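Okay, so here's the structure we're looking at.
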Amino acid sequence: DTGVSQDPRHKITKRGQNVTFRCDPISEHNRLYWYRQTLGQGPEFLTYFQNEAQLEKSRLLSDRFSAERPKGSFSTLEIQRTEQGDSAMYLCASSLVVPLSLTTGELFFGEGSRLTVL
Amino acid sequence: SQKIEQNSEALNIQEGKTATLTCNYTNYSPAYLQWYRQDPGRGPVFLLLIRENEKEKRKERLKVTFDTTLKQSLFHITASQPADSATYLCALPGYSSASKIIFGSGTRLSIRP
């Protein structure tokens, strides 16, 4: 397994356009997270899935953002009607849910998808 | 609300010295705390986890402490090297949902030769 893959790595779009990012997690991982990161800040939680169920979504996330994880495998994050404030690095991470006593709870991150909205 | 604070200013250290980074949190008691390293343009990479019942954890040149009374974790890199230059992030399980992992803003560390 090559780890968490994200596509595309870079996306430049015009304001008002829709964009979609894809994340392929480590194959046996049942939990998948999306984060957004801007320069000089830590990753900001957006949403997470356990298998195909979206269990939590940040209250900061507008209705223009939607994420799916059909069949509990890859995930997509779509941003509709992009705004310049959406420019950021979008990070995906996956993990395997087991009792904490048996694991470090480590999140495995992809390299991110950098979005620039002109 | 839950808050995580890390040194906002960059830390510059002479090679060979010990670098110490701080992570403070407020308003609740997490069961554990994690530290990650992030290089420019890359995703974070996990380094260490420390549980609430552990005072200290070591891994090679890394040492992490966890003071649940002070609500603080310290991250030490001994015998620092230029290759240790990166941003270091602390992360905690969420107050409302332990499955939601929340990150601090990170501290940028530079080790000069």
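This structure is a prediction, so every number in the text was calculated from the model and none was measured.
- Q6(B) does not touch chain A: none of its heavy atoms, backbone or side chain, sits under 4.5 Å away.
- Looking at S99(B), both its backbone and its side chain come within 4.5 Å of chain A, counting heavy atoms on both sides.
- For R31(A) and F49(A), the positive end is not near the middle of the six-membered ring at less than 6.0 Å and at most 45° from its axis.
- Heavy-atom distances place the side chain of Y33(A), and not its backbone, under 4.5 Å from chain B.
- Between F21(A) and Y90(A), the two ring planes are parallel [angle under 30°; tilted spans 30° to 60°].
- Across all their heavy atoms, F66(B) and R51(B) have their closest contact at CD2-O, 3.4 Å.
- Within the 3.5 Å criterion, the main-chain N or O of Q72(B) finds no donor-acceptor partner in the side chain of D67(B).
- Contacts between residues 104-113 of chain B and chain A, defined by a heavy-atom separation under 4.5 Å, are made by G104(B), S105(B).
- For E56(A), the part lying near chain B is the side chain, with the backbone staying farther off; criterion is any non-hydrogen pair under 4.5 Å.
- The aromatic rings of F75(B) and Y88(B) sit tilted, their planes meeting at an angle between 30° and 60°.
- Looking at L91(A), the atoms closer than 4.5 Å to chain B (heavy atoms on both sides) all sit in the side chain, from C-beta outward.
- The part of L89(B) that comes within reach of chain A is its side chain, from C-beta onward, which places non-hydrogen atoms under 4.5 angstrom from that chain.
- Remark: the H29(A) side chain and the S95(A) side chain contain no N/O donor-acceptor pair separated by less than 3.5 Å.
- Sorted by first and then second residue, the disulfide (SG to SG under 2.5 Å) pairs with a member in residues 7-113 of chain B read C23(B)-C90(B); sequence neighbours excluded.
- A donor-acceptor contact closer than 3.5 angstrom links the side chains of Y36(B) and Q34(B).
- Contact count versus chain B (heavy atoms, under 4.5 Å) is highest, among E44(A), Q50(A), Q41(A), for Q41(A).
- Within the 3.5 Å criterion, the main-chain N or O of Q80(A) finds a donor-acceptor partner in the side chain of R64(A).
- Of the two parts of Q37(A), only the side chain, counted from C-beta on, holds a non-hydrogen atom closer than 4.5 Å to a non-hydrogen atom of chain B.
- Outside the 6.0 Å centre-distance limit, the rings of F46(B) and F108(A) are not counted as a close aromatic pair.
- In terms of heavy-atom pairs under 4.5 Å with chain B, the best-connected choice from R114(A), E111(A), M89(A) is E111(A).
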